[in-house]
Amino acid sequence: MLYKFPKEKKLLKSREFKNVLDSGAKFILPELIIFSKPSDLESSRMGLIVTKKVGNAVIRNKIKRRLREVFRLCKTFDEGELPALDLVFIARQKAVTASYEKLTSSYEFALKHVIRRHSKTKKL
RNA sequence: UUUGUUAUGUGAGCUAUCGCUUUCUAAGCUGAUUUCAAAGGCUUAAGACAGAGGAAAGUCCGGACUUCCAGAGCAAAGAUACUGGUUAAUGGCCAGGCAGGGCAACCUGACGGAAAGUGCAACAGAAAGUAAACCACCUAAGCACCUCUUUAUAAGAGGCGCCGGAAAGGCUGAAACGGUGAGGUAAGAGCUCACCAGCGGUAUGGUGACAUAUCGGCUCGGUAAACCCUAUUUGAAGCAAGACUAAGUGGGGGAGGAUUCCUUUCUAAGGAGUAACACCUGCUCGGUGUUCCCCAGGUGAGUCGCUUGAGGUUUUUGGUAACAAACGCCCUAGAUGAAUGAUAGCUUCGGUGUGACUUAUGUCACACUAGACAAAAUCCGGCUUAUAGCGUAGCAAACUUA
RNA sequence: CGCGGGGUGGAGAAGUUUGGUAUCUCGUCGGGCUCAUAACCCGAAGACCACAGGUUCAAAUCCUGUCCCCGCUA
């Protein structure tokens, strides 16, 4: 069930995007910029931003698909403690040449930091 | 065989695991209330089918479809421009003519009109468009003068000037009022003749563009991708078109009034007129809306439109061809922060590297690498541009062998 | 989906309307002035006008196609 990716796990409206981008926490990687914000929903949701600077339509679609796979498959770790997050991925130009494994590892690395940061703010 | 040229095909495949979208089936929930129960809707770690391109791209043309009340006239503006055909339509396509390029196959061409009018041509040059002035040329006819011959005022020869002749020459320029040759003349000239180029008429062939032949008088520059003229043609906006539903509430728009005249009629109805502005690309007619009253936002909600269509294709027939017709067969994406994928393995086409055989081309084996351009967004017909690798067929030239 | 504007030395602009010479400012280089630097003065280099093709005697300018950049409407 965890590997499914229905519409409820996507950010679809520009309001939701704005909300995350304005008040969310920012984490920068060579391939990505990730905005995150805890939500009250049961599961995490994700949205994608790939600008025209990255490449043409074919390249942009490819990046989107890969990032969706990364989000879908890497959700398993920290199953019990995983809080529901709204995530927005902004692809940078290095994401074009980066391999799939590199994307997953960097995403996991970022998630750990993000979760730690959010738990700290909750405690405070 | 090499080089070239034209047309055209393909745009890697298979398996496993995990996912996405549409449709159908199955199950469940909802609809649903006292009971029974439908359409519809939703869900599913259930199953099945299908799921990007030759250019999906650029948005350069043409249509379908939809809305605008979209209708008439005039003007403006835009587009097109050899001829004939084809098509729903086109600026596309096919065939032909002409011009240019190429040894050739073949390719390229905004290819109507300059005797309707207006404009333009730097520098150079006598002159850049009406043709004349200027320089140089000639001195036959007329006038005047000078020199020589001569006895002489007359005659002859020569010279200069005026008037006159003059369509030839004038070094330039991208371009100068036909070109070359011969005759002709005081000097010259299509003034005359031959050939060539151009213009016009006639005849023949062709649907036509045009071609061929012949005759004529001799010549009337360039630029319309300058304005323009002629012919044909175009209403505007675009699927965020547009239609429906829900939510919300006061409602996405709503509600009325004044004055003049006429008719019926007796205080009501109908018709006409009256101010300003905006829109229908400009104007006129015509129409709609707003103001002279009031108030106010919000959403990018859902469903339909949405994919069977001027569809594709085998064969046959007509046509040189584009294309058309008949019969049979096939159904092939409908997403909306936007699906059609991710990962792993294998096989073939290639590329790179190494090794072996071989004079070399090449052949075999192993390893690495999955690699061009580029993704539907209402749908079709074209055009243009990008494109790795692998092909197929026709034709032309050169070379070699028989 | 439908439109508009632009591309000229290293930088920023004019010239395109009406076709014939590519100009200006800053910067660069050389020289002068100064003990030295700046400022100032003198001189020079640097552009096939985004790319390709066409019209014309002649194209940055006119026409056609392509590429890139910027912006707008609902």
Side-chain angles (χ1 to χ4, degrees):
Chain A
M1 213 198 304
L2 285 163
Y3 296 111
K4 287 266 166 186
F5 192 56
K7 263 188 186 176
E8 287 80 46
K9 297 182 183 175
K10 297 180 191 173
L11 291 175
L12 294 172
K13 299 191 176 179
S14 60
R15 267 189 175 176
E16 299 165 351
F17 271 83
K18 255 190 182 176
N19 192 22
V20 175
L21 290 175
D22 289 347
S23 58
K26 191 175 177 185
F27 194 84
I28 301 180
L29 291 161
E31 299 89 8
L32 293 171
I33 301 172
I34 299 177
F35 286 83
S36 61
K37 196 191 179 187
S39 69
D40 304 328
L41 297 171
E42 288 184 359
S43 60
S44 299
R45 300 185 298 172
M46 66 102 71
L48 285 163
I49 299 176
V50 186
T51 59
K52 268 191 181 177
K53 279 185 184 177
V54 176
N56 61 20
V58 176
I59 292 169
R60 277 183 272 142
N61 274 342
K62 197 173 184 183
I63 291 168
K64 282 185 196 170
R65 284 173 189 147
R66 280 184 141 179
L67 289 176
R68 260 187 235 122
E69 287 291 303
V70 166
F71 177 78
R72 185 173 68 86
L73 294 174
C74 290
K75 243 170 64 178
T76 44
F77 89 98
D78 268 327
E79 203 173 317
E81 304 173 10
L82 186 71
L85 294 168
D86 284 353
L87 298 167
V88 173
F89 291 57
I90 300 177
R92 307 175 78 186
Q93 284 216 334
K94 278 195 177 179
V96 180
T97 51
S99 67
Y100 178 75
E101 291 176 9
K102 207 175 188 185
L103 285 178
T104 51
S105 64
S106 59
Y107 169 68
E108 285 175 16
F109 175 76
L111 249 195
K112 281 179 191 171
H113 279 258
V114 165
I115 290 167
R116 205 178 295 162
R117 200 185 295 175
H118 283 306
S119 60
K120 274 184 188 174
T121 52
K122 268 188 181 178
K123 282 174 189 174
L124 290 173

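A, B, ... follow the sequence lines: proteins, then strands. Residue 1 opens every chain.
- Across B/C20 and B/C349, the matching P atoms stand 38 Å from one another, rounded to whole Å.
- Base orientation of B/U332: syn, the glycosidic angle falling within 90° of 0.
- Distance check, rounded to the nearest 0.5 Å: CZ of A/R65 to NZ of A/K62 gives 9.5 Å.
- Nucleotide B/G92 has B/U86 as its partner under the Watson-Crick or G-U criteria, with both atom distances under 3.5 Å.
- Because its glycosidic torsion is more than 90° from 0, B/G47 is reported here as anti.
- Between B/G53 and B/A333, the distance separating the two P atoms is 10 Å to the nearest Å.
- Classification of C/U55 as anti follows from a glycosidic angle more than 90° from 0.
- Across the C1' atoms, B/G96 and B/G238 are found 41 Å apart, a figure rounded to whole Å.
- Across all strands shown, B/U15 forms a Watson-Crick or G-U wobble pair, both distances under 3.5 Å, with B/A344.
- Using Watson-Crick or G-U wobble geometry with both donor-acceptor distances under 3.5 Å, B/U290 finds its partner in B/A276.
- The minimum heavy-atom distance between A/K64 and A/L48, with the atom names listed, is O-CD1, 3.7 Å.
- In this structure, B/U130 forms no base pair with any nucleotide, since neither Watson-Crick nor G-U wobble geometry is met with both distances under 3.5 Å.
- With rounding to the nearest 0.5 angstrom, the CD1 atom of A/I49 is 12.0 Å from the CG atom of A/L67.
- Pairing for B/A396 is with B/U3, a Watson-Crick or G-U wobble pair whose two hydrogen-bonding atom distances lie under 3.5 Å.
- Note: the hydrophobic cluster containing A/I34 also contains A/F109 (ILVMFWY, side chain heavy atoms under 4.5 Å, direct or indirect links).
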So which protein N/O to nucleotides 339-343 of chain B N/O distances come out below 3.5 Å?
residue: B/U340; atom: OP2; partner: A/R65; partner atom: NE; Å: 2.8
residue: B/U340; atom: OP2; partner: A/R65; partner atom: NH2; Å: 3.4
residue: B/U343; atom: OP1; partner: A/R66; partner atom: NH2; Å: 3.1

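- Using atom P as the reference point in both B/G184 and B/C145, the two lie 39 Å apart (nearest Å).
- When rounded to the nearest whole Å, the span between CZ of A/R60 and C1' of B/A374 equals 12 Å.
- Checking B/U10 for Watson-Crick or G-U wobble geometry (two distances, each under 3.5 Å) identifies B/G389 as its partner.
- With P as the reference atom, B/U316 and B/U207 are 33 Å apart, rounded to whole Å.
- With a glycosidic angle no more than 90° from 0, B/A52 adopts the syn conformation.
- An anti base is found at B/G282: its glycosidic angle is more than 90° from 0.
- Nearest approach of A/L29 to A/S106, heavy atoms of both residues: CD1-O, 3.6 Å.
- For the ring pair (Phe, Tyr, Trp, His ring centres under 6.0 Å) test, residues two or more places apart in sequence or in another chain that qualify with A/F89 are A/Y107.
- Using atom C1' as the reference point in both B/G178 and B/A197, the two lie 8 Å apart (nearest Å).
- Projected onto RNA chain B by closest heavy-atom contact, A/I59 and A/I49 fall at different nucleotides, the more 5' of which corresponds to A/I49.
- Consecutive Watson-Crick or G-U pairing (both distances under 3.5 Å) extending over three or more pairs maps onto RNA chain C as C:2-7 with C:67-72, C:10-13 with C:23-26, C:28-32 with C:40-44, C:50-54 with C:62-66.
- Summarising the geometry, the separation between CG on A/L87 and P on B/G337 is reported as 19 Å, rounded to the nearest angstrom.
- Rounded to whole Å, atom C1' of B/U336 lies 15 Å from atom CG of A/L48.
- Here the separation of B/U232 from B/G222, taken at their P atoms, is 28 Å to the nearest Å.
- Across every non-hydrogen atom of A/A91 and A/L32, the tightest pair is CA-CD2, 4.2 Å.
- Between B/C229 and B/A116, the distance separating the two C1' atoms is 7 Å to the nearest Å.
- Residues A/I59 and A/V70 are members of one and the same hydrophobic cluster, defined by side-chain heavy-atom contacts under 4.5 angstrom among Ile, Leu, Val, Met, Phe, Trp and Tyr.
- The partner of B/U281 cannot be assigned: no Watson-Crick or G-U wobble pair with both contacts below 3.5 Å exists in any strand.
- The partner of B/A321, taking Watson-Crick or G-U wobble pairs whose two distances both stay under 3.5 Å, does not exist in any strand shown.
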